[in-house]
Number of protein chains: 2
Amino acid sequence: MKLSSSLEDYLEAIYNVIKVKTAARATDIAKKLNVANSSVTNALQILVNHDLINHAPYDIITLTPEGTRIAKQLVWKHEVFRDFFTTVLAIDSDTANQCACSIEHIIPDEVVERFVQYLDFERQCEYGGKRWVEGFGFRRNAVTDENDQCEVCKEGQEKDARSEK
Amino acid sequence: MKLSSSLEDYLEAIYNVIKVKTAARATDIAKKLNVANSSVTNALQILVNHDLINHAPYDIITLTPEGTRIAKQLVWKHEVFRDFFTTVLAIDSDTANQCACSIEHIIPDEVVERFVQYLDFERQCEYGGKRWVEGFGFRRNAVTDENDQCEVCKEGQEKDARSEK
DNA sequence: TAATAACTTTAGACTAGACTAATTTACTGC
DNA sequence: GCAGTAAATTAGTCTAGTCTAAAGTTATTA
């Protein structure tokens, strides 16, 4: 039962509103997603049919366990991508969020896992960490001359040379 | 004049067919994109209206200069992402292509540029290159113990220690 | 408690993009 | 040069997702 990007957006928005307000109203979602109220009503009915939310007409909106599970997964993906874009690629936070928001519906779980592992490594690895350039992200601006070698490479090579003596 | 993902797919498919066959036919595109012939006809009319392809009914399909420009850009994005997924994250080539195919319509140019810079660095940097694990991609499996340090980090530290003596 | 405001839903229209079935056109081999 | 086949187009249908406008429901407050 694969949800469309659009329905995933609704579900995620509901989750995010509930995190702050304990229960969501249609208007909250409409504002958040910048769509008409009637579009929300429409989406809610579908999500109810899929047993992802609890919602009677004119009533508040809450998530079912399954809805919560899926929403959390979406939020997780969103955060992983936002993180990757800002931390590794040093993309500004608005663009990073926008990109995350669209690709989170597309990239399969296994691939997101790889992003997580990669991010973890970057954070744990001494050498990786050292190469992080404030405001530019991991390594992005690190290649500084025509020799195709960054400062860290050169340092490394010098050390290699010394330690091989 | 932003094209939809779907129209971009058609344009890219046309480009790829033309690369091999000098001119494309509707059936080629239909097979490539796995859609009905009539869907292709439909898309072609829109692309003609946008001056991205040359095509008279029942005739062959070629790209206009503008169409070529856009198609090339799409192919470029596709390749950058495929590269990133296979080379850095060590995703299998099918999945990598699928992911590339969907996010190429979404990620803005500036962000793709960052991916390129990142890939370039990974290829140029001695230390980065050394950490590439065959079959697992750059660094992915490099963190091997509870000390949160990979082999390369340790090596590096040992060298640091020796060279500081 | 009645009026009003705010919210929600319904009804109906529209668009993009796909499909099938029927028709039209172009090509190929005799 | 014509018959048969392959390809392309047209016509019409369907779905998902959006919208506006109107009507219905709930909540607030005088």
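Order of the sequence lines sets the chain letters (A, B, ...), proteins ahead of strands, with each chain counted from 1.
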message = Hydrophobic clusters here meaning ILVMFWY residues chained together by side-chain heavy-atom distances under 4.5 Å, can you tell me if B/Trp76 and B/Ile103 are in one?
response = yes

task = Mind grabbing the angle between the end helix axes of the helix from C/dT1-D/dA30 to C/dC30-D/dG1? Five pairs an end, 10° rounding.
result = 10°

request  = Answer yes or no: does a side-chain N or O of A/Tyr10 lie under 4.0 Å from OP1 or OP2 of D/dT18?
outcome  = yes

task = Between A/Tyr58 and B/Asp59, name the one whose nearest nucleotide on DNA chain D is closer to the 5' end.
result = B/Asp59

Value in whole Å for how far the [atom2] atom of [N] lies from [atom1] of [X]:
X: A/Asp9; N: D/dG17; atom1: CG; atom2: P; value: 11 Å
X: B/Ile53; N: D/dA8; atom1: CD1; atom2: P; value: 12 Å
X: A/His105; N: D/dG17; atom1: NE2; atom2: P; value: 12 Å

key: Pairs involving residues 54-71 of chain A, ordered by first then second residue, that meet side chain to side chain donor-acceptor pair (under 3.5 Å) (sequence neighbours left out)   = A/Asn54-A/Thr62, A/Glu66-A/Arg69

Donor-acceptor pair, [X] side chain versus [Y] backbone, under 3.5 Å?
X: A/Thr22; Y: A/Ile18; answer: no
X: B/Arg114; Y: A/Ala90; answer: yes
X: B/Arg82; Y: B/Asn97; answer: no
X: B/Lys77; Y: B/Ile107; answer: yes
X: A/His78; Y: A/Leu74; answer: no

request  = Report the residues that fulfil side-chain contact (heavy atoms from CB on, under 4.5 Å) with B/Asp92, sequence neighbours left out, ordered by chain and then residue number.
outcome  = B/Asp94, B/Thr95

key: Nucleotide interval of DNA chain C bounded by contacts with chain B (heavy-atom cut-off, under 4.0 Å)   = C/dG17 to C/dA26

key: Close aromatic pair by centroid cut-off 6.0 Å: A/Phe84 and B/Phe84   = yes

Using residues 31-43 of chain A as the side-chain source, report each donor-acceptor pair under 3.5 Å to any protein atom, sequence neighbours left out, with the distance given to one decimal.
from    : atom 1 : to      : atom 2 : distance (Å)
A/Thr41 : OG1    : A/Asn37 : O      : 3.3

task = Answer yes or no: is there an ion pair linking A/Lys2 with A/Glu8, defined by an N-O contact shorter than 4.0 Å?
result = yes

inquiry  = Let's see if you get this right: which residues in residues 18-46 of chain A place a heavy atom under 4.0 Å from DNA chain C?
reply    = A/Arg25, A/Ala26, A/Thr27, A/Asn37, A/Ser38, A/Thr41, A/Gln45

